[in-house]
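Worksheet for the structure shown next.
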Amino acid sequence: MIEWIESVLGLTIQVGTVYLLASLGEIYAERSGVLNLGLEGIMVMGAALSFIFTLAYGHLVAILVSVVTGILMSLILAVMAVYMRLNQTVTGLALTMLGLGLSGFLASPEVRKVMLLALNPLLPESLLAIQEAPKLPEIHVPLLSGIPIIGCFFRQNVLVYVSYIAAPLMWFILFKTRPGLSLRSVGENPAAADAMGINVFRVRCVATMISGGFAGLAGAYLFLGFQPFWREGLTAGKGFIALSLVILSTWNPLRAILGAYLFGGVEVIQYRLQLFGLGALSPYLLTMLPYLVAIAALVAVSIESVRKRIGVPASLGIPYSREE
Amino acid sequence: MSLKIETRFGRIRVERRVGYGRLYSISMTLLSLALAFLVVALILASLGLDPVKAFQVIFGVFMKPSLLLESIKQSIPICLAALGLSIAFKMNFWNIGAEGQIYMGMIASTGIVLLHAYYGFFHEWMVMPLMFLASFLLGGAWCLIPGALKARLGVNEILPTLMLNYVAILIVDFLVHGPWRDPKGYGFPLSIPFPEYTKLNIVLGEPAYTGLLFSILGAAAVFFLLEYTKLGFEIKVVGQSPAVARYAGIRVRSTILLGSFLAGGLAGIGGLSIVSGIIGRLRPGASPGYGYTAIIVAALAGLNPWVTVAVSIFFGGLITAGGALQMSMGIPKAAAQMIQAVIFLMILVGEFIKRYRIVIERPGASER
Amino acid sequence: MRTGKISRRKFLGVARSAAIAGIVAAGIVGGIAGYVGGSSAAPPRTVTTTTTVAGAAQTVTETRTVTQTVTGAAEPLKVGYVYIGPVGDYGWSYGHDRGRRWADEHFGLPVKSFYRESVPEAEVGSAIETLIDEGAKLIFTTSFGYMDATAEYAAKYPDRYFVHISGYRSGAAGNAPENMSAAFAEFYQLYYLNGLAAGAVTETGVIGYVGAYPIPEVVRHINAFVLGANYAYKKRTGKNIKAHVTWIFSWVAPDEARKAAIALFEEKNCDVIAFTEDTPSVLQVAEEYWKKGRKVWSFSHYSDMREYGPNAHLTGQIANWGPIYLDFYRMVATNSWISVDIWARIGDYTPYRWRRPVEQSTAGQPEGAVYLAPLNPVIPSEWQMLIKQKYEEMKELLFEPFSVEGNLGEPIKDQNGEVRIKAGERADHDMLWNMDWLVEYIEEPLPKA
Amino acid sequence: MEKLVELRGIVKRFPGVVANDRVDFELRRGEVHALLGENGAGKTTLMNILYGLYKPDEGEIYVRGKRVELRSPRDAISLGIGMVHQNFRLVESHTVLENIILGLREDGLRIDFEKHRRRIIELSERYGWKIDPMARIWQLSAGEKQQVELLKILYRGAEILILDEPTSVLTVQETRRLFEALRRMAREGKGIIFITHKLNEVMEVSDRVTVMRRGRVVITKETRETTKAELANYMIGRPIVFGQKKASAQLGAVVLKVIDLKVLGDRGYPAVNGVSLEVRRGEILGIAGVSGNGQVELAEAIAGLRKPLAGRILLNGVDATGMDAGKMIELGVAYIPPEGNKLGIVPGFRVVDNLFLKAYRYPPYSNKLLLNWGKMLEKARELIEEFGIVTPSALSRASSLSGGNIQRLILARELSGIIGGIPRLIVAAYPTKGLDIGATEFVHDLLLRYKEMGSGIIFISEDLEELLLLSDRIAVMSGGRIRGVLAREEADAEKIGLLMSEAVVQAG
């Protein structure tokens with residue numbers, strides 16, 4: 001039984017980490033009032049680049065490149081949506097399209113080959129054509145990994161540990177530090193923040209870039225940390241599931257952990273349920289679940305009293321301008 | 001009266017441009033389009049491909065009757081959905097759920113066909129009108145969900161419309177894998193083929209002509225709605241300012257409900273045009289993101305229904321041309337998608353340039 | 001293709017342990033600069049392949065002379081392909097593109113082929129139109145969803161030839177115009193052989209299958225696989241095999257395949273898993289278990305996937321669409337078109353159609369349209385012999401998996417105990433194409449939706 | 001005494017307006033300095049300049065004798081300048097503490113909640129306030145919110161405090177408590193700028209007063225040396241003259257009867273608290289009072305834009321309580337909203353659209369479904385002529401019109417009778433605010449003309465002069481109640497002022 005729990009839980013963590021990483025950044029963007037709908041596109045770019053760069057330079061460089069690319073892509077959104085005050089929804093969708101197209105293009109065999117050779121001329125030819133990269137190794141934390149049940153938390157790869165640290169850290173920054181306070185205020189009432197001398201545009205820009213960085217990281221994890229086999233459009237809507245997770249977690253990084261593992265758990269357990277003869281549970285309904293739950297959560301948080309209590313970013317999606 | 005908004009980035013100030021004319025607006029749109037093509041040309045050139053040849057291929061699509069016809073066929077669902085979106089966007093209702101509404105339209109029209117085919121309900125001549133009605137109603141109802149959430153509970157429509165896309169797609173998956181599977185289809189996930197009299201080929205027996213007719217009729221209807229009906233006027237007022245609308249005695253809630261219903265309904269008919277005009281049965285993934293393309297089209301057309309028809313045919317052409325490029329120049333499909341995104345982003349930036357002008361402030365000098 | 005001096009596995013191992021962060025920043029900068037410089041200098045990829053007539057003199061028969069007089073050497077045959085996915089990916093469309101190149105190479109006459117990738121089903125019409133606009137005389141549409149549109153355009157362009165892959169509409173079947181043929185590479189016989197291999201090596205007596213969709217094509221593959229496994233396992237131990245199936249409801253979903261495979265390995269203690277999913281994900285998972293010290297096996301699917309799991313790779317089913325395509329090239333080039341409904345199985349499209357003695361069996365070597373992946377030496381030799389024997393017998397249809405002979409002389413029963421195939425019966429085409437029941441050894445029922 | 005702030009020759013232009021015209025102003029240490037003026041006199045603009053929100057086009061700013069350039073509120077804050085805006089700038093879902101320390105650059109990244117909590121409690125107790133630092137803003141009353149705003153400033157050690165109309169949302173007790181705190185702050189050596197248009201408050205709390213009118217400073221004086229009447233003269237610009245425009249008051253039947261009406265304001269408490277009044281045909285009922293005392297809410301309730309909490313509204317004897325705006329329009333209520341350029345028109349629409357913003361749905365301009373643009377355009381051209389709207393054409397965008405022309409457009413829409421004839425009841429809220437003399441005259445004449453034609457009119461204004469000029473009776477409103485109704489013959493500025501100030505004292 002313990003073994004079973006460890007196996008399911010360990011896998012749940014692996015699956016959930018994608019959603020966790022992506023939603024952590026998105027929480028920051030949305031808390032500052034920017035809806036980053038480019039999440040999906042940034043994630044898939046992160047995955048594509050981590051594939052190419054792992055082959056050329058190894059994991060560390062690949063992860064860095066994914067993060068930096070995520071930041072740069074979200075900078076496009078930040079400039080267009082925050083400074084130019086263009087519609088965030090439309091801009092975000094455009095970014096998703098761009099990411100899906102560009103990633104498919106860069107990772108297509110011909111371009112990839114040229115790119116790999118340029119990056120590292122010493123690469124053996126056999127590497128130029130393959131679709132996989134080495135997976136991130138599991139790191140067993142001494143002592144902790146030996147504890148029954150809990151142990152499975154400590155037999156994971158490095159990015160999972162990053163997410164363990166990032167989630168509480170992001171929570172702490174958001175709720176217990178000055179930059180976090182500024183960020184939340186900007187998303188709630190930019191005029192108030194502006195009056196207290198906070199640069200609303202800069203805060204929103206930085207928050208959007210944070211979301212891009214995490215989305216890039218999530219993409220890198222999805223590829224390197226879970227199933228290191230490249231295919232076009234690898235994310236398959238995971239960015240949008242992360243968006244619904246952000247709502248479900250009511251924009252709170254700690255609750256996002258629970259939500260991410262819940263989503264991950266459902267995905268893992270459904271295959272076990274099939275094997276218990278409970279296959280009758282419609283897979284379509286199960287896949288719909290995150291979206292339906294998110295809509296329900298949206299309805300719940302739009303009730304005025306709930307909204308105030310939870311601190312739903314009141315100016316989400318509304319560009320700020322100082323009007324005379 | 002002019003609004004002036006001051007933003008700081010460095011010493012550059014951004015001012016809202018006031019009272020620009022139509023000519024200016026059109027020329028700016030064309031300019032940003034030209035800019036987009038320039039960027040695309042640069043990308044192609046940097047890949048060692050000849051941009052001139054690429055553009056010859058793209059515009060060649062519109063010169064050849066067979067390809068033009070095909071482009072028009074592709075444009076129909078996009079056009080109808082974009083027409084619906086222009087109603088929604090006029091109302092300041094950011095419906096990004098046209099994709100889901102298209103799928104619901106497909107479900108509804110297939111449902112009618114199946115009722116007829118399996119149970120013999122209705123006469124043959126009634127099937128087609130009923131398909132129209134049903135796809136309009138179901139597409140509308142699907143958009144009415146976020147509409148009602150917004151009108152009744154003040155829920156922002158962006159995320160619900162997006163999420164309902166996935167729900168609709170999964171409902172189609174469920175239906176064609178399960179209850180609606182063609183019993184003679186060797187178990188493949190698709191419905192029975194639509195009978196001949198449910199096909200969209202009323203005009204000259206060609207779906208493209210028939211669809212073009214519907215696109216034009218749809219544009220006329222939307223134009224008429226927005227310009228000559230009370231509801232259209234109300235939709236526009238609500239879109240400009242709900243507060244003013246309330247002041248003018250307009251029922252804001254029911255306007256949002258009706259407006260979102262119409263928007264979804266048109267997308268629903270777009271769904272019908274796919275199953276009935278292009279594919280001929282229901283199957284998973286029947287709409288390859290037309291609902292999202294429609295957003296670009298509506299934005300590019302400036303929410304003008306007539307321009308929407310032209311722009312969607314242009315996009316239909318791009319879809320066709322994307323393939324032509326791939327064959328004649330070896331550009332991967334993903335690159336074609338990337339090019340579309342670049343055009344989209346450039347047009348957005350053009351929209352910004354249209355509405356604002358950037359004033360570079362000399363240090364110390366006072367304005368004007 | 002892959003001829004590097006360092007083996008890829010080895011390199012990956014190095015990459016893993018050393019975490020080549022050494023080259024870091026300088027490498028990125030230099031790399032990007034190099035890429036920018038390199039890419040502009042790089043030649044554009046070409047999608048056309050032409051072969052000279054001279055090289056093919058041996059294999060092309062008299063028809064060639066006819067061809068030359070008909071079409072003329074200057075006028076190459078133009079062939080268009082429509083793919084559902086990107087050619088760059090490993091799966092289905094990649095396989096077809098490999099087939100296209102193979103056929104072009106082996107045609108022996110001037111040919112110009114081009115393709116359109118990632119074509120959604122709703123846009124196949126415009127794809128076909130552009131192909132025709134390019135002058136394609138022969139068009140292959142390679143996804144089930146293209147079937148109706150293919151028939152429609154075949155009617156519209158009676159002077160062109162159309163081949164639809166994996167469907168059931170063709171002039172031969174009477175439900176499409178005469179200029180439309182259908183073709184499919186059928187795997188169920190190979191799955192039976194996979195099953196034999198699985199039954200020969202399994203220690204737990206429990207096997208698994210990761211299925212894409214519960215449709216007849218996949219169901220007959222599962223049944224064939226399980227029948228084969230039971231045959232070998234029961235002969236070995238006297239016990240029935242136990243089989244488990246999970247469904248991922250997708251043709252291409254590497255991460256879902258991983259989760260499903262892990263569930264089978266851990267939940268039911270399976271030690272051999274077959275799958276229908278277009279990536280080597282299940283094989284990759286199996287290989288990971290090897291690293292952890294658990295011996296589990298999986299297979300190749302569509303192409304030779306050995307490199308993704310050198311330890312875990314047992315055997316597998318491989319398709320080469322090239323010979324099928326080549327056949328149609330020749331028909332068109334020689335003006336000898338007749339509508340056909342091809343169901344390519346073991347032994348089809350091989351130059352030598354007769355079965356060979358077991359010792360000289362070609363099982364595990366490329367031949368024809370469908371063939372067996374190399375057999376892992378871990379399979380005991382007597383079972384290898386059996387696999388080879390059945391392989392050879394199936395070339396001449398002397399053996400049919402869905403018959404009493406395929407099930408150790410027992411009638412084949414479904415999960416409800418109902419006898420589906422009695423002694424002396426063989427599953428026919430219709431039964432295989434409509435199969436909606438699972439054999440008795442499988443524990444999970446078939447999902448209804 | 002030390003000059004904390006000195007502004008010299010400040011000029012700020014907005015397109016079409018000079019908001020501040022060579023303004024000089026100084027604030028000394030230890031004083032409460034009232035900045036008095038009507039709405040639109042340029043007080044708030046001046047203070048926004050001092051707070052770094054706007055950049056002046058000309059002029060110099062000195063703080064503690066040193067010339068400074070203020071690029072953002074951040075600069076102002078670092079110089080010890082703090083501002084309490086008319087609309088609270090608080091993050092509703094955050095705690096008091098979080099609001100107070102927002103933007104503060106002190107100690108490390110991490111917020112030391114305990115330290116700040118103690119200091120906030122300490123500070124608020126010094127001014128006799130009881131504020132729980134961990135309470136959420138949305139749980140607080142208006143008075144408490146204002147205390148938080150002040151705390152925000154004081155917490156940063158600000159010496160120069162700017163309060164923009166701080167009492168408009170306060171109850172009397174809260175006002176009194178605020179004044180006590182302000183006096184105390186002044187004693188501590190801070191300088192306080194108190195923006196207001198309420199004479200009573202000036203007399204009550206300030207040491208010195210500067211009066212602004214139309215963007216210029218009229219005078220700066222010691223409060224002790226002046227009187228309310230004198231200040232009122234400075235504010236309005238000329239002595240109050242009585243009725244030049246007499247129209248015969250042929251009073252008819254009762255058009256509007258309001259009985260004990262209670263209406264909720266935006267901030268969630270009753271802004272109108274038991275108002276009863278009556279308007280007859282051919283009568284102008286003026287409503288006097290400092291703005292923000294429930295006038296707009298009353299007007300909106302009558303126009304159907306706000307649902308009354310309690311009470312009744314009878315129109316021509318028909319119970320119209322709780323009807324929506326559409327119904328009210330049909331019952332013949334015309335409403336001229338305050339700030340017409342925001343609420344009264346759609347700037348992006350054409351002139352003709354704006355003219356028919358209400359009438360579009362009635363025949364002959366539309367039938368059941370369709371609009372009749374021909375009829376509308378024809379009528380629009382007539383109206384443009386009749387109401388003297390200066391516009392290139394009926395098809396020009398409304399955003400290109402000047403303020404006066406926008407008001408003419410609104411009047412044309414509301415009064416011209418395109419919605420089922422002459423309006424029975426006209427509710428005009430601040431219809432002349434921000435208009436030049438010519439446009440103001442036009443509005444006055446128009447209202448008198450409709451009075452003669454038999455409309456009942458409610459005329460809300462802050463300008464006593466024009467109230468006395470036009471009204472048959474004047475109701476004085478304060479704290480959400482009618483404090484008294486005077487006939488024109490018996491009304492004068494002093495009596496009205498008395499009613500207004502009495503009310504402030506009485507109001508429970």
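Letters A, B, ... are given to chains in the order of the sequence lines, protein chains preceding strands, and every chain is numbered from 1.
Contact record, D:Ala320 with D:Leu331: CB-CD1, 3.9 Å, taken as the closest heavy-atom pair.
Checked by atom type and distance alone, the side chain of B:Ser32 never pairs as donor or acceptor with a backbone atom of B:Met346 at under 3.5 Å.
Chain B forms more heavy-atom pairs under 4.5 Å with one residue of D:Leu369, D:Ile329, D:Asn367, D:Val346 than with any other, namely D:Leu369. Of all the listed residues (B:Thr229, B:Leu225, B:Val237), the one sharing the greatest number of non-hydrogen pairs under 4.5 Å with chain D is B:Thr229.
Taking 4.5 Å as the limit, every side-chain heavy atom of D:Thr391 sits out of range of all side-chain heavy atoms of D:Asn405. Side-chain atoms of D:Ile410 and D:Pro337, non-hydrogen and from C-beta on, do get closer than 4.5 Å to each other. Residues B:Phe93 and B:Val238 form no side-chain contact, since every pair of their non-hydrogen atoms from C-beta on lies 4.5 Å or further apart.
Contact annotation for D:Leu357: both backbone and side-chain heavy atoms come within less than 4.5 Å of a heavy atom of chain B. Proximity to chain B is limited to the backbone of D:Phe356, based on heavy atoms less than 4.5 angstrom apart. Looking at D:Lys327, the atoms closer than 4.5 Å to chain B (heavy atoms on both sides) all sit in the side chain, from C-beta outward.
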